[in-house]
Amino acid sequence: TRSVSAGDTVVFEWAVEDESPIDMSWMFIGGPPGWVTEWCGFAIIATPIASVASSGSSITTTTYQVECAIPVNAVNGEYFVEMHAVDVFGNYAAAQRLVLMVENGSSDDDAPAISELAASATVVRTSDPLTISWRLDDQTGISGTGVWMAKGGYWFADPAGRGSYAMYTQPEGVVISDAGSGVAMQYTQQIVWNAHAGPGVYTVWLSVRDTLGNRDFVKTNITVEIR
């Protein structure tokens, strides 16, 4: 386990040993909300900085390095760094992990809170447009959200390969002036059904994300039936 401070530039360094030349080594960073893609990229390709051949065997040790700037508003808590490597013959190394504790950053570790979720109709035809509305509240700020319709609760696309059941327009959001502390937004999104969205009950799922990377994908209790 290593501790770092938000705002620091951290150097990760590791060694890879193999009898064959190493083709590439890379790393990922993950945390409570999932993979962290905003800090240094995803995947993060490492730079080889030294290579030493063993005098008593055919093994060569190559040292790799990655520099990563931890954002000043990174969420405090425990993350992991996962290192990978592959040789020129396509043999992959077993992934290795390092625990990373981030301190002196943001205390906001919650995804935006959902409320006031509603559908413009509960029973529709495929020719009928549908509007979903909802409110999001977050301590820091909201960076993304969207509606997804799942047939039978969990199927977002047709198993026969005809694509998703709906065409999704860009959500429209307005700031709510009576938000109190933090940020609040009211959203609406229109759903246009594709022709292969047959009869059945569709469940509304919501993806939410704040400006710090806290995110969630929520199966709601709102359903719409196509007849």
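With contacts defined as side-chain heavy-atom distances shorter than 4.5 Å, the pair I22/Y64 qualifies. Between V147 and L206, the closest side-chain pair of non-hydrogen atoms falls below 4.5 Å. Put simply, the side chain of S164 reaches to within 4.5 Å of the side chain of N194, judged on heavy atoms. The shortest side-chain heavy-atom distance between W14 and M27 falls under the 4.5 Å cut-off.
Side-chain contact, N104 with S5: a donor N or O sits under 3.5 Å from an acceptor N or O. A donor atom on one side chain and an acceptor atom on the other are found under 3.5 Å apart for T145 and W134.
Closest heavy-atom contact between I191 and A166: CG2-CB, 3.5 Å. Scanning both residues, A197 and T126, for their nearest heavy atoms gives O-CG2, 2.9 Å. Taking both residues in full, the closest heavy atoms of S20 and F89 are given as OG-CE1, 3.4 Å, listed atom of the first, atom of the second, then distance. For the residue pair Q139 and S107, the shortest heavy atom distance occurs at NE2-OG, 3.9 Å. Closest approach of I70 to V10, counting heavy atoms only: CG1-CG2, 3.7 Å. Nearest approach of A6 to V72, heavy atoms of both residues: CB-O, 3.6 Å.
No more than 12 heavy atoms of other residues, nucleotides or ligands sit less than 6.0 Å from atom CD of E172.
With hydrophobic clusters built from ILVMFWY side chains whose heavy atoms lie under 4.5 angstrom apart, M24 shares a cluster with F42. Each of V36 and F28 belongs to its own hydrophobic cluster when Ile, Leu, Val, Met, Phe, Trp and Tyr are linked at side-chain heavy-atom distances under 4.5 angstrom. Grouping the Ile, Leu, Val, Met, Phe, Trp and Tyr side chains by contacts below 4.5 angstrom, directly or via other members, places Y187 with I114. V86 and I45 fall within a single hydrophobic cluster, where Ile, Leu, Val, Met, Phe, Trp and Tyr side chains are chained together by heavy-atom contacts under 4.5 Å. Both I44 and V102 are assigned to one and the same hydrophobic cluster, defined by single-linkage of ILVMFWY side chains at heavy-atom distances under 4.5 Å.
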Worked verdict on V183 versus D137 for side chain to side chain contact (heavy atoms under 4.5 Å, CB included): CA-CA 6 Å; V183 177; D137 288 80; over 6 Å; no
Test side chain to side chain contact (heavy atoms under 4.5 Å, CB included) on S54 and T61 and set out the steps. CA-CA 8 Å; S54 173; T61 301; over 6 Å; no
Run the numbers on Q189 and T169 for side chain to side chain contact (heavy atoms under 4.5 Å, CB included), then give the verdict. CA-CA 6 Å; Q189 184 174 349; T169 62; 3.8 Å; yes
Step-by-step side chain to side chain contact (heavy atoms under 4.5 Å, CB included) determination, V204 to M149: CA-CA 5 Å; V204 174; M149 306 300 296; 3.8 Å; yes
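The stretch residues 82-96 participates, sequence neighbours left out, in these side chain to side chain donor-acceptor pair (under 3.5 Å) pairs: E82-H84, E82-R97, D87-N91.
Tested against W148 for a ring-ring contact (aromatic ring centres under 6.0 Å, His included), the candidates Y168, F156, W155 yield a single pass: Y168. The side-chain hydrogen bond (donor to acceptor under 3.5 Å, both in side chains) with D108 is formed by just one residue from the set T140, N76, N73; it is T140.
Ring-plane geometry between Y79 and W39 is classed as tilted, the angle between the planes lying from 30 to 60 degrees on a 0 to 90 degree scale. Between W205 and Y154, the two ring planes are perpendicular [angle over 60°; tilted spans 30° to 60°].
Rounding to the nearest 0.5 angstrom, the gap separating the CG atom in D210 from the CG atom in D138 is 4.0 Å. How far OH of Y165 is from CH2 of W193: 10.5 Å, rounded to the nearest 0.5 Å. Atoms CD1 and OG, from I132 and S120 in turn, are 6.0 Å apart once rounded to the nearest 0.5 Å. The CE atom of M185 sits 8.5 Å away from atom CG of L136, with the distance rounded to the nearest 0.5 Å. Remark: Q190 CD to M167 CE distance equals 9.5 Å, nearest 0.5 Å. With values rounded to the nearest 0.5 angstrom, D18 atom CG is found 11.0 Å from D23 atom CG.
In terms of modelled atom types and a separation under 3.5 Å, the side chain of D158 and the main chain of A160 share a donor-acceptor contact.
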